[in-house]
Amino acid sequence: MPEITITLPDGSARTLADGATGADLAADIGPGLAKAALVVEVDGEPHDLATPLPDGAKVRFLTSRDPEVLEHIRHSTAHVLAQAVLELWPGATFAGGPPIEDGFYYDFELPGGATFTEEDFERIDARMREIIAADQSFERFELPLDQAKELMADHPYKQTFMDLAAAGDDADGEVSSGEVISFYRNGDGFVDMCRGPHVPSTGRLGHFQLTRTGGAYFRGSEENPMLQRIYAAAFADKKELRAHLHRLEEAAKRDHRKLGVELDLFSFPEEVGSGLAVFHPKGGIIRRLMEDYSRQRHEEAGYEFVYSPHISKSNLFETSGHLQWFADGMFPPMQLDHDHDGGSTDYYLKPMNCPFHILIFKNRQRSYRELPLRMFEFGSVYRYEKSGVVHGLTRVRGMTQDDAHIFTTKDQMVDELESILLFVLDLLRDYGLDDFYLELSTKPDGKAVGTDDEWDEATAALRSVAEKMDIELVMDPGGGAFYGPKISVQARDAIGRTWQMSTIQVDFQLPQRFEMTYIGPDGERHRPIMIHRALFGSVERFFAVLLEHYAGAYPAWLAPEQVRILPVSEAHADYAHEVAAELRGHGFRIEVAAADETLGNRIRRAKGEKLPYVLVVGDDDVAHRTVGVNPRGNEVERDVPLGGFIERLGADVAAKR
RNA sequence: GCCCGAGUAGCUCAGUUGGCAGAGCAGCUGUCUUGUAAACAGCAGGUCAGGAGUUCGAUUCUCCUCUCGGGCUCCA
């Protein structure tokens, strides 16, 4: 009988009968592994355990402890979801169902255009658990394209995937491009097209939870029909699933929209309009402190401060190209300045600040000696976001950008880009964010101005600077603005979520469109290069990011109320106010909570408002000029000398703690 | 913009065959005078998102609009 030899990860070899599968090998090694193995990796490629092993292969088993097995668990669970839905809705059809971070989704089209409801989740979940309890095995088989399409005759979306793959477009990852299409059949005959591998049987699954449902365009295009998508979380074991669900709860608790209400920071009055925020006094303090510090740092870094109006005649945005390329994102025009012939002039709310800064540059002749010329503005812009995308402070229709435009010579560009990026990262760290990666966005398909050479040059400049930073760099092909490529700084917050923060964009286009020039040392006119740069992105979004990052517990330098002083009884009120006055004299933000409620309740309120410090003052403190210090997140300290506390708070603020 | 869901007091939420609108917290007024996470009592608070329709009667049923939430697409 012919034999094959297999090498294991520890370098040892095993001999098996020809035709032996991964499962056979696992059983040969031991019953523990046979039970635990989910997928077999043959020469680095994942396969089903039922796959016969080739002679001489290097083989490794993946169990629930291997992180790379998660995608196979998720893919297999998605298959069970599809099985359940197609059983429960006769006549339903299905499209794609890939694994994603933390789980998977699957897209369906239900008969009669029906949609999923929350109650449906229970039925689907119950049916999925029945399928899992039945421990049906997944069996792979392959068919040539024509037979495959016949098998999926009732499922046009699957056929589309096959056609795309046959044409060499496997961007959807649903099917491997090639001569044959692979399928998986379950114990009771359900078949789904899939490139695999799957876990051996449904019994190996079960740590999942259906989470959300919603419409989703087929293959992500607005041109295509809308399908019904179900999202689920799925993990290798119960503990991981529970930990993930717990993380979701924690994230929900620090949702800036919820904290904004609880801490009385901002609101979106319905009377004003969708996506238009008002900041309340406490939110106003935080925002002003954020802006003040930014202003100070920009001043130190050689930026000059400018101001521009919120509206402009249409000519400006015609010259800039915004009306050609960005009109969808702009509020419709106001027609003003009517003349006798019935003509009028269109005025637009500005969606960006750059054209105004260019006009400031152009207001007089500029010399190379003035470059780099750095203009900064907290510029409020308005964008007509589509109704479905407005979201808290992170996606609004009126926002203020901490916007700067830097005009340089070509020679200065790379150095300037580097110093901007260093400046941005340094400043973000001061606000408490210190975990970053960079994203380089390149020329968008079709929707861009300028030549390929210009784009290549600008992209190369950005790349060279990004690579110097010793920070992870990822590519975002086609993600640039219409006028140039960009680097964006992505920051991870306290619970690991990433937010797009700063963007730095190189722009050769607007200087051309506006025919900007400066006089060089040679006495000739030259064209400057423009760098667009926003650090917060928008003040509103950055506000939201910091609020969620700190979960409302702002460091002392940003806290709207840094200290609340609680006299134990009314007898200590005078001393409390004396302490408050002294602290205010040092520039701190202080309130006194009078003793008309119990001390315990006043402590509780102050804690709910997440103040950095609560001071309690009673008889002992009046006698010795001390305070009782109750710091956020730490133990209570008694008999602290007032002077010592003032120093400590000053140190917190200075260190931005 | 598209698919789905929701909107009741400042906040969190009750409110069924369509019949006078409720609680807790917050607020206000008293009383209590407190040493580290909920003292006690009382009062006030609502065009039930807005507008049409059906009905003797609509918070409840229907339609439209607005706003919000979850997705898709888009994006700072």
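Everything numeric in this text was worked out from a predicted model, so none of it was measured. Chain A is the first sequence line, chain B the second, and so forth, proteins listed ahead of strands; every chain is numbered from 1.
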Note to self: Classify A:D328 by what it touches in the nucleic acid, base, sugar-phosphate, or nothing, heavy-atom distance under 4.0 Å.
What the structure shows: nothing
Margin query: With nearest nucleotide decided by heavy atoms, which residue, A:Q505 or A:V622, maps closer to the 5′ end of RNA chain B?
Written below: A:V622
Check: Is any side-chain nitrogen or oxygen of A:H391 closer than 4.0 Å to OP1 or OP2 of B:rC68?
Finding: no
Next item on the list: Applying side chain to side chain contact (heavy atoms under 4.5 Å, CB included), name anything that partners A:V622, two or more places apart in sequence or on another chain.
Entry: A:H572, A:Y575
Notebook entry, point to check: Base, sugar-phosphate, or nothing: which does A:G275 touch, judged by heavy atoms less than 4.0 Å apart?
Noted result: sugar-phosphate
Item checked: Nucleic acid contacts of residues 277-292 of chain A, taken as heavy-atom distances under 4.0 Å to RNA chain B -> none
Margin query: Between the base of B:rG35 and the side chain of A:D621, is there a donor and acceptor pair under 3.5 angstrom?
Written below: yes
Next item on the list: Could you check which residues of residues 533-553 of chain A get a heavy atom under 4.0 Å from RNA chain B? Sort them by number, please.
Entry: A:G537, A:S538, A:R541
Checklist line | Positions of residues 624-634 of chain A (non-hydrogen atom under 4.0 Å from RNA chain B), listed by number | finding: A:G628, A:N630
Item checked: Sugar-phosphate only, base, or nothing, as touched by A:R257 at under 4.0 Å among non-hydrogen atoms -> sugar-phosphate
Margin query: Name the residue from A:F279, A:F536, A:Y431 that meets the ring pair (Phe, Tyr, Trp, His ring centres under 6.0 Å) definition with A:F543.
Written below: A:F279
Notebook entry, point to check: Base, sugar-phosphate, or nothing for A:V396, non-hydrogen atoms under 4.0 angstrom?
Noted result: base
Note to self: Let's test this: given Watson-Crick or G-U wobble pairing with both distances under 3.5 Å, identify the partner of B:rA52.
What the structure shows: B:rU62
If you restrict it to nitrogen or oxygen atoms, what contacts under 3.5 Å exist between nucleotides 3-7 of chain B and the protein, and what is each distance?
{"from": "B:rC3", "atom 1": "O2'", "to": "A:Q228", "atom 2": "NE2", "distance (Å)": "3.0"}
{"from": "B:rC3", "atom 1": "O2", "to": "A:G215", "atom 2": "N", "distance (Å)": "3.3"}

Next item on the list: Would you classify A:R395 as touching base, sugar-phosphate or nothing, given that sugar-phosphate means primed atoms plus P, OP1 and OP2, and contacts are heavy atoms under 4.0 Å?
Entry: base
Notebook entry, point to check: A:Y231 side chain N/O closer than 4.0 Å to the phosphate oxygens (OP1, OP2) of B:rC72?
Noted result: yes
Next item on the list: Calculate the interatomic distance between A:I565 atom CD1 and B:rG35 atom P; express it in whole Å.
Entry: 19 Å
Next item on the list: Using the test side chain to side chain contact (heavy atoms under 4.5 Å, CB included), find all partners of A:T160 that sit at least two apart in sequence or belong to another chain.
Entry: A:L164, A:F218
Check: Does A:K253 come within less than 4.0 Å of A:E250, counting only side-chain N to carboxylate O?
Finding: yes
Margin query: Does the structure show a Watson-Crick or G-U wobble partner for B:rU47, both distances under 3.5 Å? Name it, or say none.
Written below: none
Notebook entry, point to check: When the distance from CG of A:D619 to P of B:rU36 is rounded to whole Å, what number comes out?
Noted result: 13 Å
Check: Just to confirm, is there a sub-4.0 Å distance from OP1 or OP2 of B:rA38 to any side-chain nitrogen or oxygen of A:K607?
Finding: no
Next item on the list: Could you encode protein contacts along nucleotides 41-48 of chain B as a string, one character per nucleotide from 5' to 3', using B for base contact, S for sugar-phosphate-only contact and - for no contact, with a heavy-atom cut-off of under 4.0 Å?
Entry: --------
Contacts under 3.5 angstrom, residues 432-441 of chain A side chains, donor-acceptor by atom type, not counting sequence neighbours:
{"from": "A:D435", "atom 1": "OD1", "to": "A:R492", "atom 2": "NH1", "distance (Å)": "3.1"}
{"from": "A:S441", "atom 1": "OG", "to": "A:D476", "atom 2": "OD2", "distance (Å)": "2.7"}

Next item on the list: Go through the structure and list residues passing salt bridge (charged side-chain N to carboxylate O under 4.0 Å, His left out) with A:D264, not counting sequence neighbours.
Entry: none
Quick one: which protein N/O atoms are closer than 3.5 Å to N/O atoms of nucleotides 25-33 of chain B? Pair and distance per line, please.
{"from": "B:rG27", "atom 1": "OP1", "to": "A:R605", "atom 2": "NH1", "distance (Å)": "3.3"}
{"from": "B:rG27", "atom 1": "OP2", "to": "A:R605", "atom 2": "NH2", "distance (Å)": "3.3"}
{"from": "B:rU33", "atom 1": "O2", "to": "A:E570", "atom 2": "N", "distance (Å)": "3.2"}
{"from": "B:rU33", "atom 1": "O2", "to": "A:A595", "atom 2": "O", "distance (Å)": "3.4"}
{"from": "B:rU33", "atom 1": "N3", "to": "A:E570", "atom 2": "OE2", "distance (Å)": "3.0"}
{"from": "B:rU33", "atom 1": "O4", "to": "A:E570", "atom 2": "OE2", "distance (Å)": "2.6"}

Note to self: Taking any heavy-atom pair under 4.0 Å as a contact, classify A:G618: base, sugar-phosphate, or nothing.
What the structure shows: base
Checklist line | Residue list, side chain to side chain contact (heavy atoms under 4.5 Å, CB included) with A:T598, at least two apart or on another chain | finding: A:N601
Next item on the list: State whether A:F356 and A:K350 meet the cation-pi test: NZ (Lys) or CZ (Arg) under 6.0 Å from the six-membered ring centroid, and within 45° of the perpendicular axis.
Entry: yes
Check: What integer distance in Å separates A:K258:NZ from B:rC68:P?
Finding: 19 Å
Next item on the list: Using atom NZ of A:K386 as one end and atom C1' of B:rG1 as the other, report the distance to the nearest whole Å.
Entry: 5 Å
Checklist line | Results of side chain to side chain contact (heavy atoms under 4.5 Å, CB included) for A:Q562 - residues two or more places apart only | finding: A:A559, A:F588, A:R589, A:V653
